[in-house]
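Report on the following structure.
Being a predicted model, the structure only gives us computed values, none of them experimental. We count residues from 1, following the sequence as given.
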Amino acid sequence: TRSLLWISKNSIVFNTAQLGGGIHLSDASMGVLFDSILWVNVASQGDNLWIGGGFWGTSASMLEISFCALSDGWSSTYLDPYTGNAIFDVAGNIDDDPMFLNPLAGQDYSWNNFELQSGSPCIDSGHPTSQADADGSPSDMGAVYYDHNAIRPTLSVPSLIAGQTAVVQLSNCTPNRTVFLAWSMTSRGPINTPYGQAYIGAPYQVRVLGSDSSGGAIIYQDVPPQLSGQSIWFHGLDVGSGTLLNPVAVTVL
């Protein structure tokens, strides 16, 4: 008798095991995995997946995978070569970075945030026949869907004019908390940080600001005349939520 395992809408991340850091399927089991993320799991065999026949090695196990994200792709899976075990790559699988919002906030994982950042390849990329997410958008991969209607911390940089004063605004941040604003004339990225992916490069300048009771902060900065025609990259961090704001690139007029 085969057991059938259905796995959907899961984010299986940072686990460690001897065989199959994310999923271990054996003993004539059959599984269907979809709309899920298996990321940076570690094992002696099969970092994300191990499919085998079990202790006696006499009964095959099989897994169907569709519309999932697997770190390092199929090289992160191990298929026991005996007794007809099988992994079926059905459709829609990717190995792109899911761009978790804040996956490494603390060593005990208590503050980790596995929401998806804007631009994540996992957004709206689940199985086409899966139930829509709560915001009405197509199904996402992973346990935490990306809410297209949510109000998120935002960085706004209007036109920069050489020789004039620029007004840079941060909004929807955590009220009465620290926020950071960084800018650089060098673009780098994406650069992995504990808070997500950053898009500015050294040398850069950082200003430490405090948000007001509505979560807003404003900085006034003179734009030197000699910067006309130069591009400047901006990024910010809402410390209260551990959220990077949207990156902005502006050319000085």
For N176 and S211 the tightest heavy-atom approach is N-OG, 3.0 Å
Any chain of hydrophobic side-chain contacts (each under 4.5 Å) joining L237 to I151? no
Residue pair S11 / W39, side-chain heavy-atom distance below 4.5 Å: no
Check whether any side-chain heavy atom of D89 lies under 4.5 Å from a side-chain heavy atom of W74, and answer yes or no. yes
Hydrophobic clusters join Ile, Leu, Val, Met, Phe, Trp and Tyr when side-chain heavy atoms are under 4.5 Å apart, directly or via other members; which others share one with L181? L155, V157, L160, V168, L170, V179, W183, M185, L209, I219, V223, L227, I232, F234, L245, V248, V250, V252
Provide the closest heavy-atom pair for L116 versus S120 in the form atom of the first, atom of the second, distance. CD2-OG, 3.8 Å
What verdict does the side-chain hydrogen bond (donor to acceptor under 3.5 Å, both in side chains) test give for N10 and S8, after you've listed the backbone C-alpha separation in whole Å, the side-chain angles of each residue and the deciding distance to 0.1 Å? CA-CA 6 Å; N10 277 265; S8 66; 5.6 Å; no
Using every non-hydrogen atom in the two residues, find where C122 and A69 come nearest and quote the distance to one decimal. SG-CB, 4.0 Å
Nearest heavy-atom contact between V206 and A182 is CG2-CB, 4.0 Å
Does the distance from a Lys or Arg side-chain N to an Asp or Glu carboxylate O, for D133 and K9, drop under 4.0 Å? yes
Could you tell me which non-hydrogen atom of S184 sits nearest to which non-hydrogen atom of I200, and how far apart they are? CB-CB, 4.2 Å
Please check this pair: side chain of D140 against backbone of D124, looking for a donor-acceptor N/O pair closer than 3.5 Å. yes
Is any side-chain heavy atom of D72 less than 4.5 Å from a side-chain heavy atom of D95? no
Is any side-chain heavy atom of S228 closer than 4.5 Å to a side-chain heavy atom of Q230? no
Rounded to the nearest 0.5 Å, the CD1 atom of I51 sits from the CZ atom of F88 at a distance of 11.0 Å
Is it true that a side-chain atom of S75 and a backbone atom of G73 form a donor plus acceptor pair closer than 3.5 Å? no
Side-chain touch M141/I94, heavy atoms, less than 4.5 angstrom: yes
So CD of Q45 and CG of L79: to nearest 0.5 Å the spacing works out to 11.0 Å
Y199 to P247 - nearest heavy-atom pair and separation: CD1-CG, 3.9 Å
Joint cluster assignment, L25 & L70, ILVMFWY side-chain distance < 4.5 Å: yes
Check: F100 ring centroid to F114 ring centroid under 6.0 Å: yes
I'd like to know if the side chain of D238 and the backbone of P153 have a donor-acceptor N/O pair within less than 3.5 Å. no
Heavy-atom donor-acceptor pair, S139 side chain to S130 backbone, under 3.5 Å: no
List for me each residue that meets side-chain hydrogen bond (donor to acceptor under 3.5 Å, both in side chains) alongside N41, sequence neighbours excluded, and say none if there are none. N15, N48
So does T251 get a backbone contact from the side chain of S231, meaning a donor-acceptor N/O pair under 3.5 Å? no
Checking the side chain of D135 only, and the main-chain atoms of H148 only, is there a donor and an acceptor separated by less than 3.5 Å? yes
For the hydrophobic clusters of this structure (ILVMFWY residues joined by side-chain heavy atoms under 4.5 Å, transitively), does one cluster hold both I87 and I7? yes
Can you confirm whether L49 sits close enough to Y78 that some side-chain heavy atom of one is under 4.5 Å from a side-chain heavy atom of the other? no
Side-chain heavy atoms nearer than 4.5 Å, only ILVMFWY residues, links allowed to pass through others: does that put I161 and Y220 together? no
Are side-chain heavy atoms of R152 and T243 found at a separation under 4.5 Å? no
Would you please test H235 and L244 for side chain to side chain contact (heavy atoms under 4.5 Å, CB included) and show each step? CA-CA 7 Å; H235 217 159; L244 284 173; 4.0 Å; yes
Is there a side-chain contact between H24 and Q18 in this structure, where contact means two heavy atoms from C-beta onward sitting under 4.5 Å apart? no
Please answer whether the main-chain N or O of F34 pairs with a side-chain N or O of S36 as donor and acceptor at a distance below 3.5 Å. yes
Could you state the interatomic distance from CG (N85) to CG (L63), rounded to the nearest 0.5 Å? 11.0 Å
Distance col, row S26:OG vs L19:CG, nearest 0.5 angstrom, shows 9.0 Å
For side-chain hydrogen bond (donor to acceptor under 3.5 Å, both in side chains), just list the numbers for S29 and S61, CA-CA rounded to whole Å, side-chain angles, deciding distance to a tenth of an Å, and then say yes or no. CA-CA 5 Å; S29 296; S61 300; 5.0 Å; no
Report the C-alpha distance between V208 and F180 in whole Å, list the side-chain angles of each, state the deciding distance to 0.1 Å, and finish with yes or no for side chain to side chain contact (heavy atoms under 4.5 Å, CB included). CA-CA 5 Å; V208 182; F180 289 93; 3.3 Å; yes
Are any side-chain N or O atoms of S156 and backbone N or O atoms of T154, one a donor and one an acceptor, separated by less than 3.5 Å? no
Consider only side-chain heavy atoms of I, L, V, M, F, W and Y, link residues closer than 4.5 Å, and tell whether V144 and I12 are in one cluster. no
Ignoring hydrogens and angles, state whether a donor on the side chain of S76 or S71 is under 3.5 Å from an acceptor on the partner side chain. no
